[in-house]
Amino acid sequence: MNKPFDISLDSLGAGKAGSNIPAVRLAAEVSPDETRNPPAAAQDLKSFYLETFGCQMNDHDSEKVAGVLLGRGYHAVENPADAHLVLYNTCSIREKAAQKVFARIGDWKTISQNKVIGVLGCVAQQEGEEIFERAPWVSLVCGSASYRRLPELVAQIEAGGRRVMGLSLDTDETFETEFTRRDNPLRAYITIIEGCDYSCAYCVVPHTRGQERSRTSDSVIGEAQRLADAGYTEIQLLGQTVNSYRDPSPRGMNFTALLRAVAAVKGIRRVRFTTSHPNDFHREIVEAIDATPVLCDHVHLPVQSGSTPVLRAMKRTYTRDEYLEKISWIRSARRPISITSDFIVGFPGETEKDFEETLTLLDEAQYDSVFAFKYSPRPNTPAMSMPDAIPEEEKSRRLAILQDHQREIQTQRNEKMVGQAFEVLVDAFYERRGQWAGRTTSNRIINFPSTAPNLLGQYLPVKIVRGGPNSLAGEYVG
Ligand code: SAM
Ligand code: SF4
């Protein structure tokens, strides 16, 4: 396996944004002209368009897929009409996400003659060969567990292959690339563990991403070091169950040891991680955050339901009380740590009493924000055939109640923050409002005015002057 390299930040426009990130060039250089504006003659067969649906894992997979293509001399185009290779990296976690993908593929039904259309990711894995039957104009179908084979599959396409497939789930390898295209100039993602060995009754991930497999600690720390050398100061470690990480190398690091090691990389100022499974969330993770300022004071700990019978039916492997005990560890840390979560409402058999327990859990946990979803029946999952399905209107009603309840909690929590000052990493500018936005280490976004010409990429102290349910307004206190 070749040593991985990342393409230079300046080729992604970070330099152009005028941020203070040094535009360091790495050994494997790909210039902006090569990646974005190829010579006209090369613009046909080597052009690609890649659209991503779903989670951060998918976003980062796409950065690596793009890296594989760039490494083979392809160049990205903004408009699918201009591309020879049109790829969709798909999500099938809920039915709506999967439907969206099929609508996109359908757009090419009558106009795909000179193009290669490819479906990657979870929908590809779930639907497999059937995609070719449903959409015969598709030429490439590849699930994420087969991404290691992408160069070979792309070579088959280049040789004129019409139905090229990578669908094996039987792998103990992770997807590491020679190049990775970095789309975010301020935060770099590193996948440390792929797949999932849990079997939550509602979830497609074990069927679409395969069994759990971790990268070696050396490869993760090496990548973090190269990112730091390239000017990144913030890293986010990724995995469907990131804290189930187990180093397959003789060093045998567990997740907490890896966290500490990545935080110790010179030049890295912030380390985030997502998503943590409550079952593998141990007190030592809180101790590491407490002791290591570089580890961000934010934990995303999806609970899904506040009712133990529903958690049991979901096969979540913990009870309400066990989950709340973990919340209490986080709350008793010396540093205030922000907690966020995921919920599913309307799981089959969820009673009104179960749902009320979810609302009381919101009160007890005091989350800073939550993602809440209506249960969506998915193929190949045990919940699909469970009795007592909840009608759609009832799911919508419960979702609205949960969101209203959480909005009140957030309003109160955010109002209490007025007067406090935080360091933010500035990552956006809204020209119309003349406002900058930055993230605290707890992942809160603070909007603040400034007439400075460019603050992107800077760490600045900002004092909160107003708190609403979903946003915080501040002022620069430099
Ligand atoms: N691995 C993470 C965990 O265990 O919490 C979750 C990963 S999943 C990609 C992200 C979220 O999607 C889940 O936390 C859950 O709330 C939601 N989700 C997954 N399957 C779902 C389904 N069938 N219907 C509705 N929401 C679902
Ligand atoms: Fe899906 Fe459960 Fe695995 Fe999370 S832990 S990815 S919800 S099966």
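These figures come from a predicted structure and were not determined experimentally. We use all heavy atoms of the structure for the numbers below, so side chains are in, but hydrogens, waters and symmetry mates are not. Read the numbers this way: they start at 1 and go in the same order the structure lists the ligands and their atoms.
- Compare Arg378, Arg316, Arg94 by their heavy atoms: the one nearest to atom 27 (C) of ligand 1 is in Arg94.
- Of the protein's non-hydrogen atoms, the one nearest atom 11 (C) of ligand 1 is Asp342 OD2, 3.4 Å.
- Under 4.0 angstrom from ligand 1, the non-hydrogen atoms of Gln240 come from both its backbone and its side chain.
- The atoms of ligand 2 that sit less than 4.0 Å from any heavy atom of His277 are 5 (S).
- Near Cys196, with a cut-off below 4.0 Å to any heavy atom, the atoms of ligand 2 are 3 (Fe), 5 (S), 6 (S), 8 (S).
- Of all the heavy atoms of Tyr202, the ones lying under 4.0 Å from any atom of ligand 1 are found in both the backbone and the side chain.
- Here the side chain of Thr241 pairs no donor or acceptor atom with the backbone of Ser244 at under 3.5 angstrom.
- One N or O on the side chain of Arg331 and one on the backbone of Ile337 form a donor-acceptor pair closer than 3.5 Å.
- Numbered from 1 in the order shown, with element, the atoms of ligand 1 that lie under 4.0 Å from a heavy atom of Lys374 read 24 (N), 25 (C).
- Atom 2 (Fe) of ligand 2 has an N, O or S atom of Cys200 under 2.8 Å away, backbone or side chain.
- Nearest non-hydrogen protein atom to atom 7 (S) of ligand 2 is Tyr202 OH, 3.4 Å.
- Here is the list of ligand 1 atoms found below 4.0 Å of a heavy atom in Pro302: 5 (O).
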Working for side chain to side chain donor-acceptor pair (under 3.5 Å), residues Tyr147 and Asn89: CA-CA 11 Å; Tyr147 283 162; Asn89 184 6; 3.2 Å; yes
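- In this model, a donor atom of one side chain and an acceptor atom of the other lie less than 3.5 Å apart for Glu284 and Asn254.
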From CA spacing to verdict: side chain to side chain donor-acceptor pair (under 3.5 Å), Arg444, Ser442: CA-CA 6 Å; Arg444 293 181 177 94; Ser442 59; 2.8 Å; yes
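- When only non-hydrogen protein atoms are considered, atom 24 (N) of ligand 1 lies nearest to Ser376 N, 3.0 Å.
- Across Gln304, Gln56, His277, heavy-atom proximity to atom 15 (C) of ligand 1 is greatest for Gln304.
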May I have the step-by-step check of salt bridge (charged side-chain N to carboxylate O under 4.0 Å, His left out) for Glu173 and Arg213, ending in yes or no? CA-CA 7 Å; Glu173 290 181 335; Arg213 50 217 186 268; over 6 Å; no
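- Here Arg269 pairs with Glu423 in a salt bridge; the nearest charged N to carboxylate O distance falls below 4.0 Å.
- Of all atoms in ligand 2, numbered sequentially from 1 with element shown, those under 4.0 Å from a heavy atom of Pro206 are 8 (S).
- Contacts between Ile93 and ligand 1, counted as non-hydrogen atom pairs separated by less than 4.0 Å, involve both the backbone and the side chain.
- Against a heavy-atom cut-off of under 4.0 Å, Thr241 is close to the following atoms of ligand 2: 5 (S).
- A salt bridge does not link Arg181 with Glu63: every distance from a Lys NZ or Arg NE/NH1/NH2 to an Asp or Glu carboxylate oxygen is 4.0 Å or more.
- For the residue pair Tyr198 and Asp280, the shortest heavy atom distance occurs at OH-OD2, 2.8 Å.
- Of all protein heavy atoms, the one lying nearest to atom 1 (Fe) of ligand 2 is Cys203 SG, 2.3 Å.
- Taking each heavy atom of Ile235 and Leu227 in turn, the nearest pair found is CD1-CD1, 4.2 Å.
- A salt bridge links Arg215 to Glu176: one of the charged nitrogens lies within less than 4.0 Å of a carboxylate oxygen.
- Heavy atoms of Arg316 come nearer than 4.0 angstrom to ligand 2 in at least one pair.
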